[in-house]
Amino acid sequence: MSSKSYKQITHDLNQSITKIRAEAPGTMAGFSAMSKSAMEAGALSAADKELMALAIGVATHCDGCIGFHTKALARLGVERAKLMETLAVAVYMGGGPSLMYAADAVRAYEEFTAAP
């Protein structure tokens, strides 16, 4: 098993993102507004949008994306079966490298849904 901790990855990234927010506030305010608008429930639920974001994170091999979006999925109470179907589509679209990141997304989901 890999030594990656998605709780640690998201924690570390949040510390650096806080610095970017302080030193590039206009850009980060714009990014935050875009994120809020894009992820707001509408025709698609917030959970559906997080699943899409996770699939893109897997396909683009983004550890931070996997961490932040699996954390959101755990908070939203998304069932494991939905996560697995989403990861199957991500692997189909991204091939072998996406399979490796899909495996990481399963570990991240288990980490965020495990009892403290």
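Scope of the values below: all heavy atoms of this structure, side chains included, with no hydrogens, waters or symmetry mates.
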Nearest 0.5 Å, what's the [atom1]-[atom2] distance between [X] and [Y]?
X	Y	atom1	atom2	result
D12	I17	CG	CD1	10.5 Å
E50	R75	CD	CZ	6.5 Å
L44	M52	CG	CE	6.0 Å
M93	I56	CE	CD1	10.5 Å
Y109	T86	OH	OG1	11.0 Å

* In terms of side-chain geometry, is the basic nitrogen of R107 or E110 positioned less than 4.0 Å from the acidic oxygen of its partner? -> no
* **Shared hydrophobic cluster, V89 / I66 (ILVMFWY, side-chain heavy atoms < 4.5 Å)** => no
Atom of [X], atom of [Y] and distance for their closest heavy-atom approach:
X	Y	result
L73	L54	CD1-CD2, 3.7 Å
G64	L13	CA-CD1, 3.4 Å
G42	K49	N-NZ, 4.4 Å
V78	A47	CG2-CB, 3.6 Å
A108	T70	CB-OG1, 3.4 Å
C65	G57	CB-CA, 3.8 Å

* With sequence neighbours excluded, what pairs up with M84 under the side-chain contact (heavy atoms from CB on, under 4.5 Å) test? -> R80, L87, V106
* Residues in side-chain contact (heavy atoms from CB on, under 4.5 Å) with A59, at least two apart? -> S98
* Asked: Which is it for F112 and T10 under the side chain to side chain contact (heavy atoms under 4.5 Å, CB included) test, yes or no, and what are the steps along the way?
  -> CA-CA 11 Å; F112 285 115; T10 56; 4.0 Å; yes
With a 3.5 Å cut-off and sequence neighbours excluded, list the donor-acceptor pairs that the side chains of residues 20-40 form with protein atoms.
| unit_1 | atom_1 | unit_2 | atom_2 | d |
| --- | --- | --- | --- | --- |
| R21 | NH1 | S32 | OG | 2.9 |
| S32 | OG | M28 | O | 3.0 |

* **E85 vs K82 side-chain heavy atoms within contact, under 4.5 Å** => no
* **Side chain to side chain, T60 and Y101, heavy atoms closer than 4.5 Å** => no
* Do the side-chain N and O atoms of Y6 and D104 include a donor-acceptor pair separated by under 3.5 angstrom? -> yes
* Asked: Any chance NZ of K7 has more than 12 other-residue heavy atoms, nucleotides or ligands included, within less than 6.0 Å?
  ->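 Yes - once you tally the heavy atoms of other residues, nucleotides and ligands closer than 6.0 Å, there are more than 12.
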